[in-house]
Each structure stands twice: as structure tokens, then as C-alpha cells.
Amino acid sequence: MDGPMQDTQPAQAQARSYWNATAAAPEFPRLKGQVSVDVAVIGGGIVGVTTARALKDLGMTVAVVEARRVGRQVTGKSTAKVTSQHRLVYRTLNAKFGEARARLYAEAQEAGVRKIKSLVPQYAIDCELEPKAAYVYTCDESYLGQIEEEVKTAQAFGLPASFTRKTRLPFDVRGAIRFDDQEQFHPTKYVAGLAETIPGDGCHVFEQSRVVDWDPTRVVTNEGRVAAKSVVMATHLPLGQVGGFYAEAHPRAEPMVVAPIGRVPDGMYISAEQPSHSIRTRKQNGEVFAIVAGPSFKPGDTKEERKSFEEIECWMIEQFDAGPIAYRWVNEDYSSTDCAPFVGWSSSSGDKYLVATGFGAWGISNGTAAALILADLAVGKENRWLEMFDATRIKPVTGGQKSAEETAGAAPPRAGGRTEPKPKSLDALGRGEAAILKIDGESVAARCSPYGCRPPTVHARFLARP
């Protein structure tokens, strides 16, 4: 276990995922020795676990191999909206891919939502699944045209979309898209609960088992290996240089903040305009907590990270009467060069793996839909959604220039080093700055957290080293 997982508010803001802190931690064994299965799945997030469950349902044996803890990485750091509403994506896909293929994206997202809604009662997964309408709103009159176009496009694709000027937000809204029949849930509880249904009948789930070598018929960790007929890489971005997706998808990070709020909006919301504001809620011990995502930034850009946290925390305080920040963390995802995920075989020739990446921060429905595609391909079935998601549709040379521009400077502190003197004490840390310090003879990872409109506070975690 990761320690006591009590649903209580911490005394001060914790630099960890709220979802991971409020979920029980079922333990799965390490991979030791050799296991033989039909399909090896690398990665224990929503894609990997859902793929494994789907494969088991199709009569295949499967082994999930997770480097850390199941459900606690990207999925366990998301806003956890179970929705086919992805901001203004449908008008964009319609323009880029045409109506027929964009319609397949919509169909896949709705299928992903329905799959989650069916799996929860089927396996009695206690993950707080509850119906909520999903909104894309704007406070800027100039965005109304885009909002109305998105509604029209989504309706043409059979999605439950409508235009409204009424929301439960505590400020004036010019207009909004409303998607009915959507859901929200606790993502860590969902993935961990689904993973518990997999072991048995020749199937396995392994944790704390980092893959160090692989080919299309095996995966290897420091303590064991899995022999398989095919390998699924459900690892955020495929391992190594598989498929060249590092040149086709660029990373973005989002600040995530949780705090109790006094003005409660019913529903799930995201702004159409920038800076991006995304909010949903969860009831906990008689209080309502907001789970909020703010403006994205390039991973490693500490200046932009600081600004993003400050902006979103001020917004929460001013608009929702937020109380003390309880949790804050950073989530990351990859966005593809053409706005659609890459799912399927990594290559049309040579070494081939099954992959899924580039969800653009909409990994709950996309990840579930991707899992259904991967499971079909693994057993040799056709999947009509592949026409939209085909991972081989772009060659690295095509998207490489844009990706290079997007990822350039993504981690300046590690790539170029510091230009200012290294802090020697906690008092020397600037807002949002982090450093390894020596305090009372111990190595400490210290970070001065940006605290919105409040004075900054310093949180320190002692590094556990052998």
C-alpha cells in the first residue's frame, strides 16, 4: 500500500494528485521469472487496463506490466471527465479530415463513454461514476460563432449537443455548448478497480516492473520477462523510438489544483478561449471540492508553470470563493500534429507494436476507445474507427518540423542549466522554484509553490535514497 488513503483534507497543500491521495491502493505483484501470454501490455493506465480487459473478454490471455502503480500516472492525474465533448474539436476535425472521418471520431468517443458506463456496474467498480452535463463556455462575444458552429457540427454527428446561454457558473457567460448524458468519476479508483478483474485464467497484472527491453514478441524487466504473440505499448508515448511518434506528437503540461469552493457549479466546464479554465467538482466529507486545470505550458518551463498556477488559483478564489488549496500537481499529455490520436499498428512494415498516443488531454474517452481498437487488432478483427485513428497515417518527416518547434525548449532547466546562482536555503527559493538542498545533513527536494493570490509557502519532501 502507498500508506493510509483517507478521504480527509490535508493540513496544507500537497504536491500530489488528489485522486491518488483519496484512493485505496490494491497491490499487484512484481514480474519475476517468465510468463507466456497471447498479448503483453506495457502500461497500467486507462488504455492498458481497458485493453487487457477487452482482450480477456475476447478469450485471450494477457499480462499488464506497469513500471509504477496501476492507474496512478497520467490517468490518475487528470480531471476525469467521462465525456465525448472535447472543447471545439469537431469543427476542427471536420475541416481537417472531412465529415465521414470526423464522424468516426465522434462515434468512437460516445462508444468510449458507454463502455465505461457499462463496465462500472458489470464489475461493481466503486469509482463514484455520476451523470453530469459537460459544457464549453465563453465569456467573449467573439467566440460565439465558433461555439455555434461546434454545436451544429456535433449535432450532425449525432452527439447530444445543444446551445445554451444558461449555465450554473457564478459569472456571466455569453454562450455555451451543452452535452447531456455525460459522466464524471474517480479515475484512480476506476482503473485500479478494473485492473483487479483481470488476474486469473492465465492473465496477470504486474506493478513496480519497469520494462527495460522489448521486441514484438517479448517484454523484459530487471526481474522477469513476458513472452507474447503481440505487444501493446500503452505508455503515454511509445517506448524508445517506436513509430517515430516523438516527431508526431508534442508534450504539454497543465497545472492541476484542488480546493474547497463556496460557489458550486453543477456540471463539468471548460472555456473556449484562452487562458484555459477547466472545472469539475467532487463532494468530500460534507464539502464540495473543485478539481481545476489551468493554462497549459511546455514541460520544464518553470516560469510558465508558475504563471499558470498563479492564474488558475486566482481564478478559483475570485470566481468560486475557493478555500485553502488542498492539492496541486502537474499533468502532462501529448497532442498530435493533426489534432487526432494515433492508435493502431506502429508501422506498416518491419517491427510492429500496437500503440496509442496523442490524446490531447482527452484521454478518458479517447483512451477507452483506443483500447477497443487495440483489442480488435490484436485478435485480427477489423475496426472501422481505424480509418480516423490509424497510427501510420503521418510519416515522421511530415510532422517532424512542427513537433520540433513545439518541443524546442520544453525543458530549459535540464537542457541549458541555470543562469542564476543556485539557491542555498529555503529562504532563497523564488516562487515556483525548486532545488535540492542540504538541510540538517539531509538531502531535501524543496519547492516554493506559487499560491495564487496568497503569499507563497514552502513544502519539502525528504528524498528516500538507498
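Below, each value reflects all heavy atoms present in this structure, side chains not excepted, and no hydrogens, waters or symmetry copies. What you are looking at is a predicted structure, and each value in this text was computed from that prediction instead of being measured.
- For the residue pair E273 and C139, the shortest heavy atom distance occurs at OE2-N, 2.9 Å.
- Distance check: M388 CE to I373 CD1 gives 10.0 Å after rounding to the nearest 0.5 Å.
- To the nearest 0.5 Å, atoms CD1 (I270) and OG1 (T79) are separated by 7.5 Å.
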Derivation and outcome, side-chain contact (heavy atoms from CB on, under 4.5 Å), residues N94 and F157
CA-CA 10 Å; N94 193 49; F157 294 163; 3.8 Å; yes
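- Checked by atom type and distance alone, the side chain of R87 pairs as donor or acceptor with a backbone atom of S271 at under 3.5 Å.
- Contact record, G344 with L386: CA-CD1, 4.2 Å, taken as the closest heavy-atom pair.
- Comment: K81 does not engage E183 in a salt bridge, judged by the lack of any side-chain N to carboxylate O separation of less than 4.0 angstrom.
- Remark: the T138 side chain and the D140 side chain contain no N/O donor-acceptor pair separated by less than 3.5 Å.
- For an aromatic pair to be called close, the ring centres must be under 6.0 Å apart, and H236 with Y334 satisfies this.
- For the atom pair K117 NZ and D181 CG, the distance stands at 5.5 Å (nearest 0.5 Å).
- Using a cutoff of 4.0 Å between basic side-chain nitrogens and carboxylate oxygens, E304 and K307 are scored as salt-bridged.
- When every heavy atom of P187 is checked against every heavy atom of G76, the shortest pair comes out as CG-CA, 4.4 Å.
- For F245 and F342, the distance between ring centers is under 6.0 angstrom.
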Inset, instruction - Please report the C-alpha distance between R328 and E313 in whole Å, then the side-chain angles of each, then the deciding distance to 0.1 Å, and finally whether the salt bridge (charged side-chain N to carboxylate O under 4.0 Å, His left out) criterion is met. - result: CA-CA 10 Å; R328 60 165 65 83; E313 292 179 15; 3.0 Å; yes
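- For the atom pair S17 OG and M256 CE, the distance stands at 7.5 Å (nearest 0.5 Å).
- The backbone N or O of K77 lies less than 3.5 Å from a partner atom in the side chain of W329, making a donor-acceptor pair.
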Check: What do the steps show when you test R252 against K298 for side-chain contact (heavy atoms from CB on, under 4.5 Å), and what is the final call?
Finding: CA-CA 5 Å; R252 301 295 293 178; K298 289 184 178 181; 3.1 Å; yes
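- Of all non-hydrogen atoms in S365 and T83, the two that sit nearest each other are OG-O, 3.1 Å.
- Heavy atoms only, all atoms of each residue included: R393 and S336 are closest at NH2-OG, 4.2 Å.
- Applying the ring pair (Phe, Tyr, Trp, His ring centres under 6.0 Å) criterion to F171, with sequence neighbours excluded, gives Y137.
- With hydrogens and angles disregarded, no donor-acceptor distance shorter than 3.5 Å links the side chain of S209 to the backbone of F206.
- Residues I291 and T281 are not in side-chain contact: their nearest non-hydrogen atoms beyond the backbone lie 4.5 Å or more apart.
- A donor atom on one side chain and an acceptor atom on the other are found under 3.5 Å apart for H186 and T22.
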Between T188 and V70, is a side-chain contact (heavy atoms from CB on, under 4.5 Å) present by the stated rule, with each step listed?
CA-CA 8 Å; T188 308; V70 166; over 6 Å; no
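- No donor-acceptor pair under 3.5 Å is formed between the side chain of E207 and the backbone N or O of R69.
- Using a distance-only test at 3.5 Å, with no hydrogens or angles considered, a donor-acceptor pair links the side chain of T368 to the main chain of I364.
- Annotation: side chain of L104 is not in contact with side chain of F389 (no heavy-atom distance under 4.5 Å).
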- Message: With side-chain contact (heavy atoms from CB on, under 4.5 Å) as the criterion, how do E66 and Q73 come out once you've worked through the C-alpha distance, each side chain's angles and the decisive distance to 0.1 Å?
- Response: CA-CA 10 Å; E66 165 57 43; Q73 309 315 312; 4.0 Å; yes
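- Heavy atoms only, all atoms of each residue included: F163 and V151 are closest at N-CG1, 3.9 Å.
- Side chains of Q182 and P131 form no contact here, defined as non-hydrogen atoms less than 4.5 Å apart.
- Side chains of Q319 and H277: a donor-acceptor N/O pair is absent below 3.5 angstrom, by distance only.
- The backbone N or O of A369 lies less than 3.5 Å from no partner atom in the side chain of W385, so there is not a single donor-acceptor pair.
- Here E128 pairs with R282 in a salt bridge; the nearest charged N to carboxylate O distance falls below 4.0 Å.
- Residues I46 and V49 are not in side-chain contact: their nearest non-hydrogen atoms beyond the backbone lie 4.5 Å or more apart.
- A distance below 6.0 Å separates the ring centres of H86 and Y105.
- In this structure A95 satisfies the side-chain contact (heavy atoms from CB on, under 4.5 Å) test with no other residue, sequence neighbours excluded.
- Side-chain contact between F179 and S84: present, with at least one pair of heavy atoms (C-beta onward) separated by less than 4.5 Å.
- With 3.5 Å as the limit, one finds no donor-acceptor pair spanning the side chains of E254 and S296.
- A donor-acceptor pair under 3.5 Å is absent between the side-chain atoms of D321 and the main chain of R263, judged by distance alone.
- For Q241, the CD atom counts as loosely surrounded, since its 6.0 Å shell holds 12 or fewer non-hydrogen atoms of other residues, nucleotides or ligands.
- Between I177 and L88, some side-chain heavy-atom pair lies under the 4.5 Å cut-off.
- Residues E130 and Q184 bring a donor and an acceptor atom of their side chains to less than 3.5 Å of each other.
- The backbone N or O of P295 lies less than 3.5 Å from a partner atom in the side chain of S308, making a donor-acceptor pair.
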### Task
Report the C-alpha separation of R53 and Y123 in whole Å, then their side-chain angles, then the decisive distance to 0.1 Å, and conclude whether the side-chain hydrogen bond (donor to acceptor under 3.5 Å, both in side chains) test is met.
CA-CA 11 Å; R53 182 65 258 176; Y123 295 107; 3.3 Å; yes
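- Look at K132 and D266 and you find a salt bridge, because one of the NZ, NE, NH1 or NH2 atoms lies within 4.0 Å of a carboxylate O, short of that distance.
- A salt bridge between D172 and R174 is absent, with no side-chain N of the basic residue lying under 4.0 Å from a carboxylate O of the acidic one.
- Here the OG1-OH distance, from T153 to Y90, works out to 11.0 Å after rounding to the nearest 0.5 Å.
- Taking 4.5 Å as the limit, some side-chain heavy atom of V136 sits within range of a side-chain heavy atom of Q85.
- Between the CG atom in D180 and the OG atom in S162 there is a gap of 5.5 Å [rounded to 0.5 Å].
- E248 and T337 form no side-chain donor-acceptor contact under 3.5 Å, judged by distance and modelled atom types alone.
- Between the side chain of R72 and the backbone N or O of N20, at least one donor-acceptor pair lies under 3.5 Å.
- Side-chain contact between V173 and R165 is absent, with no heavy-atom pair separated by less than 4.5 Å.
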### Residues W315, F320; criterion ring pair (Phe, Tyr, Trp, His ring centres under 6.0 Å); working and verdict
CA-CA 8 Å; W315 182 74; F320 298 95; 5.0 Å; yes
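- A donor-acceptor contact shorter than 3.5 Å is absent between the side chain of Q14 and the backbone of R16.
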